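Heads up: the structure comes next, in C-alpha coordinates.
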Amino acid sequence: MSAVKTTLAEYREQLKNNRLGLWFFFLSEAFLFTGLLAARFYLWGNTRPDLDQGLGLVVTVILLASSFTMNRAETGIVHDDRERFLSNLLVTAGLGVLFLIGVVGFEWQGHIRPGDGAFGAVLYGMTGMHALHVLSGVVFILIIWNNGRNGHYSGERHWGVEACAIYWHYVDVVWVFFYPAIYLMGHVVH
Amino acid sequence: MDNTQLFMIATAAIVVLTLGGGVALALALYQLSRVLAEGAVAGAAPTEAMALEAAPTEAMALALWKKERDAERMRGARLTAAYRTGVMVLLWLGLLTAVEFVANLMGVSTVAMFMIALVKAGIILQFFMHVSSLWLEGGSH
(Lines give C-alpha, C1' and ligand atoms only; values in the text may rest on other atoms or scores of the structure.)
Protein backbone atom coordinates (compact mmCIF):
# COMPACT_ATOMS: atom_id res chain seq x y z
CA MET A 1 0.00 0.00 0.00
CA SER A 2 1.31 3.43 -0.92
CA ALA A 3 2.53 5.61 1.91
CA VAL A 4 1.16 8.70 0.15
CA LYS A 5 -2.63 9.09 0.29
CA THR A 6 -4.10 9.61 -3.16
CA THR A 7 -7.40 11.19 -4.14
CA LEU A 8 -10.08 8.94 -5.57
CA ALA A 9 -9.54 10.44 -9.06
CA GLU A 10 -5.82 9.71 -8.89
CA TYR A 11 -6.51 6.22 -7.61
CA ARG A 12 -8.85 5.50 -10.53
CA GLU A 13 -6.29 6.76 -13.02
CA GLN A 14 -3.67 4.53 -11.45
CA LEU A 15 -6.15 1.65 -11.55
CA LYS A 16 -6.27 1.76 -15.36
CA ASN A 17 -2.48 1.38 -15.53
CA ASN A 18 -2.53 -1.39 -12.94
CA ARG A 19 -5.11 -3.33 -14.93
CA LEU A 20 -3.18 -2.93 -18.17
CA GLY A 21 0.00 -4.12 -16.46
CA LEU A 22 -1.78 -7.17 -15.03
CA TRP A 23 -3.18 -8.12 -18.44
CA PHE A 24 0.27 -7.79 -20.01
CA PHE A 25 1.48 -10.20 -17.34
CA PHE A 26 -1.31 -12.60 -18.35
CA LEU A 27 -0.25 -12.25 -21.97
CA SER A 28 3.28 -13.31 -21.07
CA GLU A 29 1.88 -16.23 -19.06
CA ALA A 30 -0.27 -17.21 -22.03
CA PHE A 31 2.90 -17.87 -24.05
CA LEU A 32 4.03 -20.34 -21.38
CA PHE A 33 0.73 -22.22 -21.25
CA THR A 34 0.23 -22.12 -25.01
CA GLY A 35 3.70 -23.64 -25.36
CA LEU A 36 2.67 -26.48 -23.07
CA LEU A 37 -0.54 -27.02 -25.04
CA ALA A 38 1.46 -27.03 -28.30
CA ALA A 39 3.80 -29.63 -26.80
CA ARG A 40 0.78 -31.76 -25.89
CA PHE A 41 -0.62 -31.74 -29.42
CA TYR A 42 2.81 -32.23 -31.02
CA LEU A 43 3.85 -35.12 -28.78
CA TRP A 44 0.52 -36.82 -28.10
CA GLY A 45 -1.21 -36.05 -31.40
CA ASN A 46 -4.67 -37.61 -31.45
CA THR A 47 -3.95 -39.86 -28.48
CA ARG A 48 -3.96 -39.50 -24.71
CA PRO A 49 -2.97 -41.61 -21.73
CA ASP A 50 -5.52 -43.65 -19.79
CA LEU A 51 -6.38 -41.26 -16.95
CA ASP A 52 -9.09 -41.33 -14.30
CA GLN A 53 -12.00 -39.51 -16.00
CA GLY A 54 -13.95 -39.12 -12.77
CA LEU A 55 -11.01 -37.44 -11.04
CA GLY A 56 -10.53 -35.07 -13.98
CA LEU A 57 -14.18 -34.06 -13.86
CA VAL A 58 -14.17 -33.61 -10.08
CA VAL A 59 -11.09 -31.37 -9.98
CA THR A 60 -12.53 -29.34 -12.87
CA VAL A 61 -15.83 -28.81 -11.03
CA ILE A 62 -13.88 -27.85 -7.88
CA LEU A 63 -11.88 -25.23 -9.77
CA LEU A 64 -15.00 -23.80 -11.47
CA ALA A 65 -16.73 -23.62 -8.07
CA SER A 66 -13.71 -21.81 -6.66
CA SER A 67 -14.02 -19.18 -9.39
CA PHE A 68 -17.65 -18.73 -8.32
CA THR A 69 -16.72 -18.19 -4.67
CA MET A 70 -13.90 -15.84 -5.65
CA ASN A 71 -16.40 -13.81 -7.66
CA ARG A 72 -18.66 -13.69 -4.58
CA ALA A 73 -15.73 -12.49 -2.48
CA GLU A 74 -14.95 -9.71 -4.95
CA THR A 75 -18.62 -8.74 -5.25
CA GLY A 76 -18.75 -8.64 -1.46
CA ILE A 77 -15.93 -6.11 -1.09
CA VAL A 78 -17.22 -4.02 -4.03
CA HIS A 79 -20.47 -3.63 -2.05
CA ASP A 80 -18.71 -3.27 1.33
CA ASP A 81 -20.05 -6.65 2.44
CA ARG A 82 -16.87 -7.49 4.37
CA GLU A 83 -18.04 -10.65 6.13
CA ARG A 84 -19.07 -12.30 2.90
CA PHE A 85 -15.85 -11.13 1.27
CA LEU A 86 -13.70 -12.77 3.94
CA SER A 87 -15.70 -15.99 4.22
CA ASN A 88 -15.76 -16.54 0.45
CA LEU A 89 -12.02 -15.92 0.22
CA LEU A 90 -11.45 -18.71 2.73
CA VAL A 91 -13.78 -21.08 0.87
CA THR A 92 -11.92 -20.27 -2.38
CA ALA A 93 -8.55 -21.03 -0.78
CA GLY A 94 -9.99 -24.29 0.57
CA LEU A 95 -11.24 -25.32 -2.87
CA GLY A 96 -7.82 -24.46 -4.32
CA VAL A 97 -6.20 -26.78 -1.79
CA LEU A 98 -8.75 -29.51 -2.69
CA PHE A 99 -7.82 -29.09 -6.36
CA LEU A 100 -4.13 -29.48 -5.49
CA ILE A 101 -4.88 -32.60 -3.46
CA GLY A 102 -6.81 -34.01 -6.43
CA VAL A 103 -3.99 -33.40 -8.89
CA VAL A 104 -0.87 -33.96 -6.78
CA GLY A 105 -2.29 -36.38 -4.23
CA PHE A 106 -4.29 -38.57 -6.60
CA GLU A 107 -3.49 -37.98 -10.29
CA TRP A 108 0.24 -37.98 -9.69
CA GLN A 109 -0.03 -41.22 -7.72
CA GLY A 110 -1.48 -43.04 -10.74
CA HIS A 111 0.27 -45.44 -13.07
CA ILE A 112 1.96 -42.75 -15.19
CA ARG A 113 5.33 -41.51 -13.93
CA PRO A 114 7.22 -38.39 -15.11
CA GLY A 115 9.80 -40.59 -16.88
CA ASP A 116 7.20 -42.51 -18.93
CA GLY A 117 8.07 -40.96 -22.28
CA ALA A 118 5.97 -38.24 -23.91
CA PHE A 119 2.86 -39.07 -21.86
CA GLY A 120 4.65 -38.67 -18.54
CA ALA A 121 6.63 -35.59 -19.56
CA VAL A 122 3.65 -33.67 -20.95
CA LEU A 123 1.21 -34.75 -18.21
CA TYR A 124 3.51 -33.72 -15.38
CA GLY A 125 4.71 -30.61 -17.22
CA MET A 126 1.16 -29.32 -17.79
CA THR A 127 -0.39 -30.29 -14.48
CA GLY A 128 2.77 -29.31 -12.55
CA MET A 129 3.02 -25.84 -14.04
CA HIS A 130 -0.71 -25.29 -13.50
CA ALA A 131 -0.58 -26.62 -9.93
CA LEU A 132 2.27 -24.20 -9.19
CA HIS A 133 0.02 -21.35 -10.28
CA VAL A 134 -2.85 -22.66 -8.15
CA LEU A 135 -0.50 -22.85 -5.16
CA SER A 136 0.70 -19.26 -5.70
CA GLY A 137 -2.97 -18.24 -6.09
CA VAL A 138 -3.84 -19.82 -2.73
CA VAL A 139 -0.94 -17.94 -1.09
CA PHE A 140 -2.13 -14.72 -2.77
CA ILE A 141 -5.70 -15.31 -1.49
CA LEU A 142 -4.48 -15.91 2.07
CA ILE A 143 -2.45 -12.66 1.99
CA ILE A 144 -5.53 -10.76 0.76
CA TRP A 145 -7.68 -12.46 3.40
CA ASN A 146 -5.23 -11.42 6.14
CA ASN A 147 -5.16 -7.83 4.83
CA GLY A 148 -8.96 -7.78 4.68
CA ARG A 149 -9.17 -9.11 8.22
CA ASN A 150 -6.98 -6.20 9.32
CA GLY A 151 -9.37 -3.68 7.81
CA HIS A 152 -7.75 -3.06 4.42
CA TYR A 153 -9.80 -2.56 1.23
CA SER A 154 -13.15 -0.89 0.73
CA GLY A 155 -15.85 -0.65 -1.90
CA GLU A 156 -13.96 2.20 -3.57
CA ARG A 157 -10.38 0.98 -3.12
CA HIS A 158 -9.75 -2.73 -3.52
CA TRP A 159 -7.19 -3.15 -6.28
CA GLY A 160 -5.43 -5.92 -4.33
CA VAL A 161 -8.64 -7.95 -4.20
CA GLU A 162 -9.40 -7.32 -7.87
CA ALA A 163 -5.89 -8.40 -8.94
CA CYS A 164 -6.10 -11.53 -6.80
CA ALA A 165 -9.54 -12.41 -8.18
CA ILE A 166 -8.49 -11.88 -11.80
CA TYR A 167 -5.35 -13.95 -11.25
CA TRP A 168 -7.44 -16.78 -9.79
CA HIS A 169 -9.89 -16.67 -12.71
CA TYR A 170 -6.95 -16.70 -15.11
CA VAL A 171 -5.68 -19.93 -13.53
CA ASP A 172 -9.22 -21.27 -14.05
CA VAL A 173 -9.22 -20.22 -17.72
CA VAL A 174 -5.94 -22.09 -18.24
CA TRP A 175 -7.53 -25.25 -16.79
CA VAL A 176 -10.55 -24.78 -19.08
CA PHE A 177 -8.15 -25.55 -21.95
CA PHE A 178 -5.93 -28.04 -20.12
CA TYR A 179 -8.79 -30.26 -18.95
CA PRO A 180 -10.05 -31.30 -22.39
CA ALA A 181 -6.51 -31.42 -23.78
CA ILE A 182 -5.35 -33.84 -21.07
CA TYR A 183 -8.47 -35.86 -20.27
CA LEU A 184 -10.85 -35.70 -23.23
CA MET A 185 -9.22 -35.10 -26.62
CA GLY A 186 -7.86 -38.02 -28.66
CA HIS A 187 -8.23 -41.75 -28.20
CA VAL A 188 -6.84 -43.60 -25.22
CA VAL A 189 -3.55 -45.49 -25.56
CA HIS A 190 -3.01 -48.13 -22.87
CA MET B 1 -31.66 -53.56 -24.06
CA ASP B 2 -29.11 -52.85 -26.80
CA ASN B 3 -25.87 -50.89 -26.58
CA THR B 4 -27.37 -47.68 -28.02
CA GLN B 5 -30.03 -47.56 -25.30
CA LEU B 6 -27.43 -48.25 -22.63
CA PHE B 7 -25.25 -45.50 -24.05
CA MET B 8 -28.12 -42.98 -24.04
CA ILE B 9 -29.05 -43.86 -20.43
CA ALA B 10 -25.41 -43.54 -19.33
CA THR B 11 -25.11 -40.20 -21.11
CA ALA B 12 -28.28 -38.86 -19.49
CA ALA B 13 -27.09 -40.09 -16.08
CA ILE B 14 -23.72 -38.33 -16.48
CA VAL B 15 -25.39 -35.05 -17.48
CA VAL B 16 -27.79 -35.22 -14.53
CA LEU B 17 -25.03 -36.18 -12.06
CA THR B 18 -22.62 -33.50 -13.27
CA LEU B 19 -25.23 -30.76 -13.22
CA GLY B 20 -26.67 -32.02 -9.95
CA GLY B 21 -23.21 -32.19 -8.40
CA GLY B 22 -22.36 -28.67 -9.56
CA VAL B 23 -25.64 -27.22 -8.30
CA ALA B 24 -25.35 -29.10 -4.99
CA LEU B 25 -21.80 -27.83 -4.55
CA ALA B 26 -22.88 -24.27 -5.38
CA LEU B 27 -25.78 -24.45 -2.91
CA ALA B 28 -23.57 -25.93 -0.21
CA LEU B 29 -21.00 -23.16 -0.70
CA TYR B 30 -23.75 -20.56 -0.68
CA GLN B 31 -25.13 -21.89 2.59
CA LEU B 32 -21.62 -22.10 4.05
CA SER B 33 -20.82 -18.50 3.19
CA ARG B 34 -24.21 -17.47 4.62
CA VAL B 35 -23.47 -19.27 7.87
CA LEU B 36 -20.02 -17.67 8.05
CA ALA B 37 -21.46 -14.21 7.34
CA GLU B 38 -24.60 -14.70 9.41
CA GLY B 39 -23.72 -12.38 12.28
CA ALA B 40 -22.97 -9.35 10.11
CA VAL B 41 -25.92 -9.90 7.77
CA ALA B 42 -28.36 -10.29 10.63
CA GLY B 43 -27.00 -7.16 12.29
CA ALA B 44 -27.07 -5.11 9.09
CA ALA B 45 -30.64 -5.81 7.92
CA PRO B 46 -33.36 -3.88 9.77
CA THR B 47 -36.90 -5.22 9.49
CA GLU B 48 -39.68 -3.28 7.73
CA ALA B 49 -41.50 -2.80 11.05
CA MET B 50 -38.39 -1.29 12.65
CA ALA B 51 -37.93 1.01 9.64
CA LEU B 52 -41.55 2.22 9.84
CA GLU B 53 -41.24 2.75 13.56
CA ALA B 54 -38.12 4.84 13.04
CA ALA B 55 -39.69 6.92 10.24
CA PRO B 56 -39.61 10.64 11.06
CA THR B 57 -42.91 12.52 10.86
CA GLU B 58 -41.85 15.97 9.63
CA ALA B 59 -42.06 16.45 5.86
CA MET B 60 -38.41 17.28 5.18
CA ALA B 61 -37.08 14.62 7.43
CA LEU B 62 -39.52 12.14 5.94
CA ALA B 63 -38.36 12.95 2.41
CA LEU B 64 -34.75 12.48 3.46
CA TRP B 65 -35.58 9.23 5.19
CA LYS B 66 -37.38 7.96 2.07
CA LYS B 67 -34.42 8.93 -0.10
CA GLU B 68 -32.02 7.04 2.15
CA ARG B 69 -34.35 4.07 2.29
CA ASP B 70 -34.62 3.98 -1.51
CA ALA B 71 -30.85 4.23 -1.87
CA GLU B 72 -30.44 1.35 0.55
CA ARG B 73 -32.99 -0.73 -1.36
CA MET B 74 -31.23 0.07 -4.64
CA ARG B 75 -27.91 -0.98 -3.14
CA GLY B 76 -29.45 -4.24 -1.95
CA ALA B 77 -30.96 -4.89 -5.38
CA ARG B 78 -27.61 -4.30 -7.09
CA LEU B 79 -25.88 -6.67 -4.67
CA THR B 80 -28.49 -9.37 -5.25
CA ALA B 81 -28.19 -8.94 -9.03
CA ALA B 82 -24.39 -9.24 -8.84
CA TYR B 83 -24.60 -12.46 -6.80
CA ARG B 84 -27.27 -13.84 -9.14
CA THR B 85 -25.02 -13.23 -12.15
CA GLY B 86 -22.31 -15.28 -10.42
CA VAL B 87 -24.74 -18.19 -9.91
CA MET B 88 -25.86 -18.05 -13.56
CA VAL B 89 -22.25 -18.09 -14.76
CA LEU B 90 -21.49 -21.10 -12.56
CA LEU B 91 -24.52 -22.96 -13.95
CA TRP B 92 -23.48 -22.24 -17.53
CA LEU B 93 -19.91 -23.34 -16.87
CA GLY B 94 -21.21 -26.54 -15.24
CA LEU B 95 -23.51 -27.21 -18.18
CA LEU B 96 -20.74 -26.68 -20.74
CA THR B 97 -18.39 -28.93 -18.75
CA ALA B 98 -21.05 -31.65 -18.77
CA VAL B 99 -21.53 -31.17 -22.53
CA GLU B 100 -17.75 -31.44 -22.98
CA PHE B 101 -17.65 -34.66 -20.97
CA VAL B 102 -20.51 -36.23 -22.90
CA ALA B 103 -19.09 -35.00 -26.22
CA ASN B 104 -15.94 -36.94 -25.40
CA LEU B 105 -17.98 -40.13 -24.87
CA MET B 106 -19.73 -39.56 -28.19
CA GLY B 107 -16.40 -39.14 -29.99
CA VAL B 108 -16.94 -35.51 -30.98
CA SER B 109 -13.99 -33.93 -32.80
CA THR B 110 -11.13 -32.13 -31.09
CA VAL B 111 -12.09 -28.88 -32.85
CA ALA B 112 -15.63 -29.00 -31.39
CA MET B 113 -14.23 -29.63 -27.90
CA PHE B 114 -11.86 -26.74 -28.34
CA MET B 115 -14.78 -24.49 -29.35
CA ILE B 116 -16.63 -25.43 -26.15
CA ALA B 117 -13.49 -24.56 -24.15
CA LEU B 118 -13.32 -21.21 -25.97
CA VAL B 119 -16.93 -20.41 -25.01
CA LYS B 120 -16.22 -21.31 -21.36
CA ALA B 121 -13.09 -19.13 -21.37
CA GLY B 122 -15.07 -16.27 -22.95
CA ILE B 123 -17.71 -16.46 -20.21
CA ILE B 124 -15.06 -16.34 -17.47
CA LEU B 125 -13.19 -13.49 -19.19
CA GLN B 126 -16.32 -11.37 -19.52
CA PHE B 127 -18.23 -12.06 -16.32
CA PHE B 128 -15.51 -12.97 -13.79
CA MET B 129 -12.39 -11.22 -15.12
CA HIS B 130 -14.23 -8.08 -16.36
CA VAL B 131 -11.98 -7.80 -19.39
CA SER B 132 -14.14 -4.96 -20.75
CA SER B 133 -13.04 -2.74 -17.84
CA LEU B 134 -9.76 -2.36 -19.76
CA TRP B 135 -11.36 -0.17 -22.40
CA LEU B 136 -14.54 1.06 -20.68
CA GLU B 137 -14.51 4.33 -18.74
CA GLY B 138 -15.59 4.35 -15.12
CA GLY B 139 -13.11 1.84 -13.82
CA SER B 140 -14.98 -0.04 -11.14
CA HIS B 141 -17.13 -3.13 -11.69
Side-chain angles (χ1 to χ4, degrees), chain A residues 11-13 15-16 19-20 23 26 41 46 53 56-58 60-62 64-76 78-88 90-92 95 155-156 158 162 165-170 172-174 176-181 183-187, chain B residues 14 17-18 21-22 25-26 28-30 32-41 43-44 75-76 78-79 82-83 85-87 89-90 93-94 96-98 100-101 103-105 107-110 113-114 116-118 120-125 127-131 133-134 137-141:
Chain A
Y11 175 80
R12 284 190 175 154
E13 191 57 37
L15 197 58
K16 287 182 195 168
R19 282 179 181 151
L20 193 62
W23 281 89
F26 290 150
F41 286 106
N46 198 30
Q53 290 291 314
L57 189 61
V58 166
T60 302
V61 169
I62 286 173
L64 291 177
S66 77
S67 255
F68 166 70
T69 54
M70 178 50 102
N71 177 255
R72 287 176 68 81
E74 193 188 5
T75 305
V78 167
H79 293 87
D80 284 316
D81 190 349
R82 187 168 291 273
E83 292 300 320
R84 196 163 291 190
F85 156 64
L86 291 173
S87 59
N88 276 285
L90 275 187
V91 175
T92 307
L95 288 170
E156 286 178 335
H158 54 270
E162 184 184 330
I166 297 177
Y167 179 78
W168 189 257
H169 297 312
Y170 180 78
D172 192 17
V173 166
V174 170
V176 160
F177 290 101
F178 274 22
Y179 166 61
Y183 289 91
L184 304 179
M185 291 174 180
H187 59 266
Chain B
I14 288 165
L17 287 174
T18 308
L25 185 60
L29 291 170
Y30 175 72
L32 179 63
S33 67
R34 272 184 72 109
V35 168
L36 289 171
E38 198 175 327
V41 173
R75 185 180 161 278
R78 273 202 297 269
L79 184 63
Y83 285 137
T85 302
V87 173
V89 169
L90 178 68
L93 291 175
L96 286 170
T97 303
E100 215 171 25
F101 192 83
N104 166 55
L105 296 177
V108 170
S109 74
T110 298
M113 303 257 260
F114 194 74
I116 297 171
L118 270 180
K120 283 170 71 178
I123 290 172
I124 296 172
L125 282 167
F127 293 102
F128 282 169
M129 295 176 79
H130 318 289
V131 68
S133 67
L134 272 178
E137 285 296 317
S140 193
H141 43 73

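Residue numbering restarts at 1 for every chain, and letters A, B, ... go by the order of the sequence lines. As the structure is a prediction and not an experimental result, all values here were calculated from the model.
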### Message
Heavy-atom cut-off 4.5 Å, strictly under: side chain, backbone, both or neither for A:F26 against chain B?
### Response
side chain
### Message
Shorter than 4.5 Å, heavy atoms on both sides: which option in B:A103, B:A121, B:G107, B:A117 has the most such pairs with chain A?
### Response
B:A117
### Message
Taking the side chain as everything from C-beta on, heavy atoms only, tell me whether B:M129 gets closer than 4.5 Å to A:W23.
### Response
yes
#### Entry: Part of B:L118 within contact of chain A (heavy atom distance under 4.5 Å)
both
#### Entry: Test item: B:F101 and A:Q53 side chains (from C-beta on) under 4.5 Å apart, heavy atoms
yes
### Point-to-point distance, once rounded to the nearest 0.5 Å, from OG1 of A:T75 to CZ of B:R78
13.0 Å
### Query
Is the distance between the ring centroids of A:F68 and B:F128 under 6.0 Å?
no
### Task
Could you look at A:F41 and say if it's the side chain, the backbone, both or neither that has a heavy atom under 4.5 Å from chain B?
side chain
## Note on the structure
Separation between CZ (A:R19) and NE2 (B:H130), nearest 0.5 Å, reads 8.5 Å
### Query
NZ/A:K16 to CG/B:L134 distance, rounded to the nearest 0.5 angstrom?
11.5 Å
### Query
What part of A:S67 lies closer than 4.5 angstrom to a heavy atom of chain B: side chain, backbone, both or neither?
both
## Note on the structure
Cut-off 4.5 Å, heavy atoms of chain A, and the answer for B:F127 is backbone
### Task
Measure distances from A:Y170 to the heavy atoms of chain B and classify the residue's part below 4.5 Å as side chain, backbone, both or neither.
both
### Query
Taking A:R72 for the side chain and B:V87 for the main chain, is one N or O donor matched with an acceptor at less than 3.5 Å?
no
## Note on the structure
Here the gap from B:I124 atom CD1 to A:H169 atom NE2, rounded to the nearest 0.5 Å, amounts to 8.5 Å
#### Entry: Student check: side-chain heavy atoms of B:Y83 and A:D81 closer than 4.5 Å
yes
### Query
What option among B:I116, B:V131, B:L125 has the most heavy-atom pairs under 4.5 Å with chain A?
B:V131
### Message
With a 4.5 angstrom heavy-atom cut-off, is it the side chain or the backbone of B:V108 that approaches chain A, or both, or neither?
### Response
neither
### Message
With a 4.5 angstrom heavy-atom cut-off, is it the side chain or the backbone of B:L93 that approaches chain A, or both, or neither?
### Response
both
### Query
For B:L79, is it the side chain, the backbone, both, or neither that has a heavy atom closer than 4.5 Å to a heavy atom of chain A?
both
